[in-house]
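Report on the structure given below.
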Amino acid sequence: MPRFTELRVNSSPDVTRAGRVLEGVAFSTDAYHVAALFMAALPRDYVLDGASLLTLQCGPPGDEPRYQRFPGASVVCVDPFDFASYAGSDPATRERAVLALIEQHGLALIDRVGADPAPWRAAAAAVRAQGFQREDEVARLGRALPGRAGWVRVYRGLGAGFGERWQARVLDRGGALIASYPMRSPAALDQRDWFKRSAWEQGVFVVRQRLGQAVFTLEPPSAAGPGSSWMAV
C-alpha cells in the first residue's frame with residue numbers, strides 16, 4: 001500500500017462559507033508547523049489507510065460524511081471544534097490543541113482501518129518532547145567549499161511564529177559557524193520541492209527547485225582564506 005506522506009489541518013468548507021473567521025489567527029497557517037513536526041517525527045514508510053494525504057477538517061462537515069476516502073487522499077471531519085476558544089488561547093495552548101486533535105482523530109482512523117497505532121503515538125510524543133520546534137540538516141543540499149576549506153550546509157526549521165524556514169550556513173574546516181543566510185522568507189509552506197538540489201556552478205553555490213529554476217545562490221568571497229569576507233551572522 002502507498003505510504004502516508006502529507007498531513008493537513010484546516011477549517012471545513014462550511015466554516016469558511018459561514019464567515020466564521022478567527023480574528024487575528026489564520027487557522028491552517030497557524031497549525032501548519034504542528035502538522036509538519038508530526039510528519040517529520042513519523043517514520044517515512046508509515047502506511048495509514050492507503051492514502052498519501054490526510055486532511056483533518058475542523059468544523060461542521062455539512063452534508064459530507066465524517067470520513068471520506070478518495071484516490072490518494074482521505075478527509076476526516078473534526079467536529080465539534082471550538083474556534084473561539086482556540087483563537088483566544090496563547091500560541092503554546094494552540095499548539096497543544098492541534099497536536100491533540102492530530103493524535104486523537106488519527107488514532108480513531110487507525111483503529112477503523114487497522115493500521116499500526118504505535119508509530120502515531122510515538123510521533124506525537126516526540127513533538128511534545130521537542131518543545132514543538134525542530135531543525136534538521138538537509139544533507140543532500142550540503143557542499144564542501146572550494147579547496148575543502150569548509151562547508152555550506154542547509155537547514156530546515158519548523159516552529160511557531162514562522163512555520164518553516166530555510167538557512168544556508170557556512171562552516172570552516174573545524175565546523176565553526178562563519179555566516180548564516182536565509183534562503184527564503186519563512187512561511188507556513190512545505191518548501192522541500194523548492195530547495196531540491198544544489199551544486200557549485202562556476203564558483204557559485206546554487207540551489208534549484210524541482211523544475212530546475214535557481215532559487216538561491218551564494219558566492220564565496222574572492223579574498224584568500226576561507227570566510228575572510230563572509231557576511232557576519
Side-chain angles (χ1 to χ4, degrees), residues 1-11 25-58 67 72-78 81 85-86 89-142 153-167 169 180 183-184 186-196:
M1 292 181 73
R3 61 190 181 91
F4 175 50
T5 60
E6 186 177 359
L7 172 65
R8 298 176 186 171
V9 180
N10 56 29
S11 56
V25 178
F27 181 64
S28 60
T29 299
D30 194 59
Y32 169 79
H33 74 284
V34 181
L37 284 164
F38 184 87
M39 291 304 301
L42 195 69
R44 292 187 177 184
D45 60 352
Y46 186 72
V47 174
L48 183 56
D49 63 348
S52 58
L53 166 65
L54 171 64
T55 300
L56 299 180
Q57 286 191 344
C58 298
Y67 169 59
S74 296
V75 178
V76 170
C77 175
V78 179
F81 184 82
S85 176
Y86 180 90
S89 300
D90 61 85
T93 301
R94 294 201 298 265
E95 286 178 324
R96 291 193 296 269
V98 172
L99 183 60
L101 71 87
I102 289 172
E103 186 171 23
Q104 174 188 346
H105 292 275
L107 287 171
L109 176 57
I110 285 166
D111 184 61
R112 177 174 186 156
V113 301
D116 184 359
W120 199 270
R121 291 193 180 98
V127 174
R128 293 187 182 97
Q130 293 160 357
F132 290 85
Q133 57 184 344
R134 174 179 179 137
E135 184 176 79
D136 294 299
E137 181 180 357
V138 185
R140 62 183 166 78
L141 296 178
R153 290 179 174 166
V154 173
Y155 296 83
R156 178 192 185 220
L158 298 167
F162 60 87
E164 179 172 313
R165 67 184 172 202
W166 289 69
Q167 291 184 331
R169 297 176 187 167
S180 182
M183 298 174 67
R184 196 181 187 191
L189 176 68
D190 187 341
Q191 301 171 59
R192 286 174 292 182
D193 277 347
W194 188 254
F195 302 112
K196 199 66 176 176

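All values reported here derive from a predicted model rather than from experimental measurement.
The heavy-atom pair separating Phe162 from Gly157 by the smallest distance is CE1-O, 3.6 Å. Between His33 and Gly163 the shortest heavy-atom distance is CB-O, 3.8 Å. The minimum heavy-atom distance between Ala126 and Ala41, with the atom names listed, is CB-CB, 4.0 Å. In terms of heavy atoms, Leu42 sits closest to Pro119 at CD1-O, 3.5 Å. Ala160 and Glu95 make their closest contact through CB-OE2, 3.3 Å (heavy atoms, listed as atom of the first residue, atom of the second, distance).
A distance of 10.5 Å separates OH in Tyr86 from OG1 in Thr93, rounded to the nearest 0.5 Å. In this structure, the separation between CG on Asp45 and CZ on Phe4 is 13.0 Å, given to the nearest 0.5 Å. Leu54 CG to Thr5 OG1: the interatomic distance, rounded to the nearest 0.5 Å, is 10.5 Å. A distance of 6.5 Å separates CG in Asp90 from CZ in Arg96, rounded to the nearest 0.5 Å. Interatomic distance, CG of Asp190 versus CG of Leu7, reported as 11.5 Å (0.5 Å rounding). Rounding to the nearest 0.5 Å places CZ of Phe132 at 12.5 Å from CZ of Arg94.
Side-chain contact between Arg184 and Leu189 is present, with at least one heavy-atom pair separated by less than 4.5 Å. Contact annotation: the side chain of Gln167 never approaches that of Val154 to less than 4.5 Å [non-hydrogen atoms, C-beta and beyond]. Residues Tyr67 and Asp49 form a side-chain contact, since some pair of their non-hydrogen atoms from C-beta on lies under 4.5 Å apart.
Contacts of Thr55 classified as side-chain hydrogen bond (donor to acceptor under 3.5 Å, both in side chains), with partners at least two apart in sequence or in another chain: none. Looking at residues two or more places apart in sequence or on another chain, you find a ring pair (Phe, Tyr, Trp, His ring centres under 6.0 Å) between Phe38 and Trp120. Applying the ring pair (Phe, Tyr, Trp, His ring centres under 6.0 Å) test to Phe195 and every residue at least two apart in sequence or in another chain returns Trp166. Evaluation of the side chain to side chain contact (heavy atoms under 4.5 Å, CB included) rule for Glu6 yields Arg8, Leu53 as partners, not counting sequence neighbours.
Applying the salt bridge (Lys or Arg N to Asp or Glu O under 4.0 Å) test to pairs two or more places apart or on separate chains, those with a residue in residues 131-140 are Arg134-Asp136, Glu135-Arg169, Glu137-Arg153.
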Taking only distance into account, with no hydrogens and no angle test, what donor-acceptor pairs under 3.5 Å do side-chain atoms of residues 101-117 form with protein atoms, sequence neighbours excluded?
| residue | atom | partner | partner atom | Å |
| --- | --- | --- | --- | --- |
| Glu103 | OE1 | Arg128 | NH1 | 3.3 |
| Glu103 | OE1 | Arg128 | NH2 | 2.8 |
| Asp116 | OD1 | Ala118 | N | 3.1 |

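Arg156 places no side-chain N or O within 3.5 Å of a backbone atom of Glu164 that could act as its donor or acceptor partner.
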